[in-house]
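It should be emphasised that the depicted structure is a prediction, and the values quoted were computed from it without experimental measurement. Only this structure's heavy atoms are used, side chains among them; waters, hydrogens and symmetry mates stay out.
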Amino acid sequence: MKKSRLVIPVGFICLILQIVGFAPLRSLYAQTSQARIKIDIERKVGEIDKMIYGNFVEHLGRCIYGGLYEPGSPLSDKNGFRKDVIQATKELNVSIVRWPGGNFVSGYHWEDGVGPKEKRPVRMDLAWGYRENNSFGTDEYIDWCREAKVEPYFCVNLGTGTMDEARNWVEYCNIENGTSYSDLRVKNGHKLPHKVIYWGLGNEMDGSWQMGHKNAEDYGKFALETAKLMKGTDKNIKLVASGSSNYGGDWINWNRTILDYLKDQVDYISLHNYTGNRDDNYYEYMASTGFTEEAIKITEGIIHAALSKAHRKKPIYIAFDEYNVWYRAKGEEGNEEIYNLEDALVVATYLNIFVRNANIVKMANMAQLVNVIAPIFTTRQGSWYQTIFYPLSLFANNCNGEALQTFVESPVYQLKGKETPYLDVSSAYNKEKSEIILNVVNRDKDSAIITEILSQYGTFDGKAAIYEVNAKEIKDQNSADRQLVKTKQSTLNVNGQKFTYQFPAHSFTMITIPIKLN
C-alpha cells in the first residue's frame, strides 16, 4: 500500500518560522506579496493633454537669475540664457511654463520689465524680500520660451495691479501693431506679436499671505471685469481663475463662488498643492497626495454645477498650476530643496493622479523648473538632475494618448483608520504606437510586489520597455558628483493576455507594452 504524503505549503512554513523568530526565513517571507492590475483600452477616461507636463518659474531665489538667466556666464548664450538649462528643459519635454509668479506677481508691474535695461527700475519684492532689477521681463521671457520650445503662460497681477494694467499687457503681447502698447513692443525690438494664449487671473488670491488678498466675492467681481477687458483685447486668449490654495479655510465655497462669477469667462480654474515629510514618517508621506485627488474630484463637481447655469457651451478644466514636494528649504535657505528617492516617488504619484483624472485636469505645472524646489540644479560649472527629474521626464516623454480606468488589486497598509494601497497606478493607451503605458509606484518600503498584469481587450505582443526609478536607500539623493537616483532601462518579452512582473520595493516603474487588438 502506497503511503500518503502530507503536503504543507511553503508559505505556511515560512509564516510559522517567522512567528517563532527564524530571521532568515522571516526576511524571505516578507520580501514579496501579490497584486493584480487589469487594463481595458475601451475603458477610457479622457485624452491626456500634453500641458499636464508643464512647469513654473518665479522671481524667487536662483530660479530666474542664476537659473534661466545668467548673462556673462560661459554657459550662457548671447541673450544670457543658460544653454544647459534650455537643453535640460527639452529633455524634460516641458510643454508650458507659467511666469512670473507665484506670490511675486501680486506686487509685479509688467511695464517695469520692458524697454532698455539701463532704464528699468529696481524694486523691492515684498513677497520674498529680494531686490528685483527687472532685467528679465516680458520680452526676455518670450525669447527664452521660444528657445526652449515651450508655451508661455502669463499670470497677471490682481493683487496690487489694475484691470487696465492686465488689459494693456495683453495688448503689448498680442496685438500686431497700430496701438499704443503694441507699438511699444515693436519699438522694443519685437515686430511680431508674442501671441500669448494662456493667462492666469492672479495667484492664490484667497490666501492671507498674498499681497492684495481678497475674499471670494471681491475677487470674483474684480476678476470678472478684468477678464472682460482682456478678452475684449484678444478674444483668442484662454483664462485661468485663481482657485483656492488656502485649504485651511473654506476652500470649497471659494471655488464655488468665483466660478459663479467667472463661469462664462474662464477656461480653467487653478489648484495648488505642496506636500512634505516633516515628521519623517515614510508611509504617511507616501499617502500625502491623497488630498490632491480629493480636491480634483470636488472641484470637478463644482465646475459641473457652475456650467449648468452658464451661457457658454465650452468646458472649464482644472489647471493644477503649482505642485511639488516642499518642506525643507524655505526663506533664508534660498528655497533650494535637495530631493531624495522618496520625494521622486511622491512626484510620480502626483503625475499618476493627473493621468487618472485626464478628463478634467488639462494643465499641470511643477513648481519650479530650476534651483528653487526644482528638478534641474545649476552651478557655475554646469547643471545636474535632481531625483524628481526622472519620473517627470518619463511621463512627459512617454505617457500620452488616452488615460484608462485601471483595476488594481493591491496589498494595503493602515493609516489613520484608512486603507492605503501599496501600489499606486495609472495607465494609458497610445493608439498611434499601439502600446499600453503602465505607471506603478510601489510604496512598500521593504517588499517587492509580484503583480499579474492582464489585458481585457487585445493581447500583449512583443518587447515591453521597462523604466525603473529607484535606489538602494529611500533617502538617497543626487548631486553634481553622483546620481544615486536615476532611470534604469530593461526589456521584457510579453505575449498573450497576461504576464507577471515584480515591482521592486520603494520604486517607480513605467512599462510601455505593445498591444495587438483582437
Side-chain angles (χ1 to χ4, degrees), residues 54-69 94 96-114 120-142 144-145 150-162 165-166 169-170 173 196 198-214 219 222-223 226 230 239-246 268 270-274 319-324 326 330-331 334-336 363-374:
N55 219 289
F56 169 46
V57 293
E58 181 173 2
H59 292 243
L60 169 58
R62 293 194 309 127
C63 182
I64 301 291
Y65 302 111
L68 265 65
Y69 184 65
V94 176
I96 186 168
V97 178
R98 180 175 178 249
W99 173 84
N103 294 349
F104 173 82
V105 77
S106 291
Y108 178 67
H109 301 285
W110 69 268
E111 289 188 62
D112 290 343
V114 298
R120 298 182 190 180
V122 176
R123 303 288 191 195
M124 292 179 63
D125 167 25
L126 300 182
W128 302 111
Y130 296 100
R131 294 287 189 272
E132 174 57 53
N133 66 22
N134 285 298
S135 60
F136 187 94
T138 299
D139 296 321
E140 289 78 20
Y141 181 62
I142 290 295
W144 182 86
C145 287
V150 303
E151 188 77 20
Y153 166 22
F154 282 22
C155 185
V156 304
N157 178 356
L158 291 194
T160 63
T162 67
E165 186 176 13
W169 205 3
V170 177
C173 290
V196 179
Y198 299 93
W199 296 80
L201 294 167
N203 174 75
E204 297 183 357
M205 297 308 301
D206 67 324
S208 58
W209 58 85
Q210 203 68 212
M211 289 178 281
H213 159 63
K214 297 172 176 61
Y219 171 76
F222 187 41
T226 305
M230 293 173 71
L239 298 178
V240 183
S242 178
S244 179
S245 57
N246 184 11
Y268 302 83
S270 72
L271 295 178
H272 293 176
N273 182 241
Y274 295 93
F320 216 106
D321 56 16
E322 285 189 37
Y323 75 93
N324 206 344
W326 187 14
K330 289 194 175 184
N335 303 283
E336 295 189 358
M363 186 196 300
N365 305 77
M366 172 179 276
Q368 298 180 14
L369 182 63
V370 190
N371 293 329
V372 175
I373 54 171

* Do the side chains of I142 and P152 get nearer than 4.5 Å, heavy atoms only? -> yes
* To do: Give me the ring orientation class for W110 and W169: parallel if the planes are under 30° apart, tilted from 30 to 60°, perpendicular past 60°.
  => parallel
* To do: Check side-chain hydrogen bond (donor to acceptor under 3.5 Å, both in side chains) between N55 and all other residues, then give those that pass, not counting sequence neighbours.
  => none
* Structure fact -> Checking F56, W199, F154 against W99 for ring pair (Phe, Tyr, Trp, His ring centres under 6.0 Å), the one that qualifies is F154
* Asked: Would a distance-only check, ignoring hydrogens and angles, find a side-chain to backbone donor-acceptor pair under 3.5 Å from W128 to G61?
  -> no
* **Donor + acceptor pair across side chains of Y108, E165 (<3.5 Å)** => no
* Take the angle between the ring planes of F104 and H59 and call it parallel below 30°, perpendicular above 60°, tilted in between. => parallel
* Could I get the full list of salt bridge (charged side-chain N to carboxylate O under 4.0 Å, His left out) partners for E322, not counting sequence neighbours? => R98
* Asked: In terms of the angle between their ring planes, are F320 and Y323 parallel, tilted or perpendicular, with boundaries placed at 30° and 60°?
  -> perpendicular
* Parallel, tilted or perpendicular: rings of Y198 and Y153 (30°, 60°) -> perpendicular
* Can you list every pair that meets salt bridge (charged side-chain N to carboxylate O under 4.0 Å, His left out) and has a residue in residues 103-113, with sequence neighbours left out? -> D112-R123
* Among side-chain atoms of R62 and N371, is any donor-acceptor pair under 3.5 angstrom? -> yes
